[in-house]
Amino acid sequence: MSKRKLMFLGPPGAGKGTQAQRIADDFGIPQISTGDMLREARRKGTELGNKAAAFMDAGDLVPDEVVIGIVAERLQEDDASHGFILDGFPRTVAQAEALAQMGVALDGVVNIQVSEDEVIRRLGGRLSCPTSGCGASYHKEFNPPANEGVCDKCGAALYVRDDDQPEAIRQRLESYSAKTAPLVEFYDGRGKLLNVKGEGTPAQIEERIRAAVS
Ligand code: AMP
């Protein structure tokens, strides 16, 4: 068991979710994905979910105060007291500052580096599992499930997220460059950045991340 406070950074489609899940399972720490929490809130039809829905479907970021609130609450839970992997948070400098103000000192920020061309190819074929608490994702071509259209982990029928449609993909990439990419410099300046090449098989990338964080 490796009790670390890590954050996974990278453009949409870099493989953050896939890798965060693998490493979190292995280290025995929770994967805290704001995207998964927001999708879950939408499925349940909570006020938070309804507030986030239009931003998400358009590929825009949900307002800072909304995500900061859900992360602050999640980090209070017992399972997060000795370590976690933040997946998809922070996504703006304001969120990173709020995280520091919560008293969270990250041990490392894994920056998964993938070219824009590769990201577009990957997001184009992404298949996601709708089951709450599963959240596995696949790719039609590069990381297919064992049985077509079916989640390997829980057996649910896979689907294409609304924000994996072409127009939303373009908007997500724009949001990333304008609002999230500045975090690379932010964490580099604080000596936390661990760059990892995000191209190759999921197993190869996992190995590089493991080496970077150990
Ligand atoms: P993800 O599953 O991480 O790609 O997140 C899906 C969508 O949820 C994003 O495109 C945003 O609309 C929203 N979202 C997730 N995390 C954040 C965050 N930290 N800040 C703002 N919006 C977020």
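Values below: all heavy atoms of this structure, side chains included; hydrogens, waters and symmetry mates excluded. Numbering of ligands and ligand atoms starts at 1, following listing order. If you read the sequence from its start, that first residue is 1, and numbering goes on from there.
- Across every non-hydrogen atom of Gly200 and Ile205, the tightest pair is O-CD1, 3.6 Å.
- Counting heavy atoms from C-beta outward, Arg74 and Pro30 have side chains that approach closer than 4.5 Å.
- Of the candidates Gly17, Gly135, Gly88, the one placing a heavy atom closest to atom 19 (N) of ligand 1 is Gly88.
- Across Lys16, Arg91, Met37, heavy-atom proximity to atom 3 (O) of ligand 1 is greatest for Arg91.
- With a heavy-atom cut-off of 4.0 Å, Leu61 touches ligand 1 through backbone and side chain alike.
- When only interatomic distances are considered, the shortest N/O to N/O separation between Asp60 and ligand 1 falls below 3.5 Å.
- The protein heavy-atom contact nearest to atom 10 (O) of ligand 1 is Asp163 OD2, 3.9 Å.
- Annotation for ligand 1: atoms under 4.0 Å from non-hydrogen atoms of Arg172 are 4 (O).
- Closest protein heavy atom to atom 8 (O) of ligand 1: Met56 CE, 3.6 Å.
- Judged purely by atom type and a 3.5 angstrom limit, Gln95 uses its side chain to pair as donor or acceptor with the backbone of Arg91.
- The contact set between ligand 1 and Arg161, taken as ligand atoms under 4.0 Å from a residue heavy atom, comprises 1 (P), 2 (O), 4 (O), 6 (C).
- A salt bridge links Lys44 to Glu40: one of the charged nitrogens lies within less than 4.0 Å of a carboxylate oxygen.
- Seen from the ring of Tyr159, Arg161 does not count as a face-on cation partner, given the 6.0 Å and 45° thresholds.
- For the pair Arg170/Ile120, no side-chain contact is recorded, criterion being any heavy-atom separation below 4.5 Å from C-beta on.
- Within a 6.0 Å radius of CD in Glu116, other residues, nucleotides and ligands contribute 12 heavy atoms or fewer.
- Among protein heavy atoms, atom 22 (N) of ligand 1 sits closest to Val62 N, 3.0 Å.
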(request) Could you give me the CA-CA distance, side-chain angles and deciding distance for Tyr187 and Leu106, then say whether side chain to side chain contact (heavy atoms under 4.5 Å, CB included) is met? (result) CA-CA 10 Å; Tyr187 284 116; Leu106 293 171; 3.9 Å; yes

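- The ligand atoms of ligand 1 that sit less than 4.0 angstrom from a heavy atom of Gln95 are 18 (C), 19 (N), 20 (N), 21 (C).
- In terms of polar-atom proximity, Arg39 is counted as a contact of ligand 1, with an N or O under 3.5 Å from an N or O of the ligand.
- In this structure, atom 16 (N) of ligand 1 lies nearest to the protein heavy atom Thr34 OG1, 2.7 Å.
- Scanning the protein for heavy atoms near atom 13 (C) of ligand 1, the closest one is Leu38 CD1, 3.6 Å.
- A donor-acceptor distance shorter than 3.5 angstrom exists from the side chain of Thr34 to the backbone of Gly88, with no hydrogens or angles considered.
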